[in-house]
Amino acid sequence: QVQLVETGGGLVQAGDSLRLSCTASGRTFGSRAMGWFRRAPGKEREFVTSFSFSTRMTYYADSVKGRFTISGDSAKKTVWLQMNSLKPEDTAVYYCAAGRAGVATPTAAEYDSWGQGTQVTVSS
């Protein structure tokens, strides 16, 4: 497993942008797929996006496609989530996750390391 720490959350207005960072410790970081998930109040955790360092493939939930961008730097052991054109429905705790393998996937069960989460609140 790797240890993950998310930063960059906050309170913004609709239409604003935020950039979340996820910094990892551990020797196997670059061989794992990385993902972002979120949990809104009263809702189940949902997939946001995932990224593979080996294949450079990305996946996005339909709700964020075209607005959010995931990227990563294995040398810095960091993954970012750039969120543009934020909407009130994007309000949630955002979690970074490291996959069991290197293939990007939207399936939460394929991730075995999770950060503590960072709150994103978008006001209307």
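- Listed by chain and residue number, Ser52 satisfy the side-chain contact (heavy atoms from CB on, under 4.5 Å) test with Ser54 (two or more places apart in sequence, or in another chain).
- Distance OG1/Thr58 to CZ/Phe68: 14.0 Å, rounded to 0.5 Å.
- Residue Glu110 comes nearest to Thr105 through the heavy atom pair CB-CG2, 3.5 Å, listed as atom of the first residue, atom of the second, then distance.
- The disulfide (SG to SG under 2.5 Å) analysis of residues 16-111, with sequence neighbours excluded, yields the pairs Cys22-Cys96.
- Note: Phe51 CZ to Trp80 CH2 = 9.5 Å, rounded to the nearest 0.5 Å.
- A centroid separation of less than 6.0 Å is found between the aromatic rings of Trp114 and Phe37.
- Here the shortest heavy-atom pairing between Ser113 and Arg32 reads OG-NH1, 4.2 Å.
- Each of Arg38, Arg39, Gln116 was scored for a side-chain contact (heavy atoms from CB on, under 4.5 Å) with Tyr95, with one residue passing: Arg39.
- When every heavy atom of Ala24 is checked against every heavy atom of Leu4, the shortest pair comes out as CB-CD2, 3.5 Å.
- The nearest pair of heavy atoms linking Arg45 to Ala108 is NH2-CB, 3.6 Å.
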> Would Thr121 and Gln119 satisfy side chain to side chain donor-acceptor pair (under 3.5 Å), going step by step from the backbone distance to the final call?
Replying inline: CA-CA 6 Å; Thr121 303; Gln119 177 70 47; 3.3 Å; yes
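- In terms of heavy atoms, Pro88 sits closest to Ala14 at CD-CB, 4.1 Å.
- When Leu81, Val93, Leu18 are each tested for a side-chain contact (heavy atoms from CB on, under 4.5 Å) with Val120, only one passes: Leu18.
- The ring-ring contact (aromatic ring centres under 6.0 Å, His included) check on Tyr94 picks up nothing, with sequence neighbours excluded.
- Not one N or O on the side chain of Tyr111 forms a donor-acceptor pair closer than 3.5 Å with the backbone of Pro106.
- When every heavy atom of Ala98 is checked against every heavy atom of Val2, the shortest pair comes out as CB-CG2, 3.5 Å.
- Through direct or relayed side-chain contacts under 4.5 Å between Ile, Leu, Val, Met, Phe, Trp and Tyr, Val103 connects to no other residue.
- The closest donor-acceptor contact from the side chain of Thr107 to the backbone of Ala109 lies at 3.5 Å or more, if one exists at all.
- Side-chain atoms of Arg100 never come within 3.5 Å of backbone atoms of Asp112 as a donor-acceptor pair (strictly under, hydrogens ignored).
- Every residue two or more places apart in sequence or in another chain was checked for a salt bridge (charged side-chain N to carboxylate O under 4.0 Å, His left out) with Lys43, and none qualifies.
- Under the 3.5 Å distance criterion, the side-chain polar atoms of Thr49 are matched with a main-chain donor or acceptor of Tyr59.
- To the nearest 0.5 Å, atom NZ of residue Lys77 and atom OG1 of residue Thr23 are 11.0 Å apart.
- Annotation: side chain to side chain donor-acceptor pair (under 3.5 Å) contacts of Asn84 (sequence neighbours excluded): Ser17, Gln82.
- Ion pairing between a basic and an acidic side chain is recognised when a charged N comes within 4.0 Å of a carboxylate O; Lys87 and Asp90 show no such pairing.
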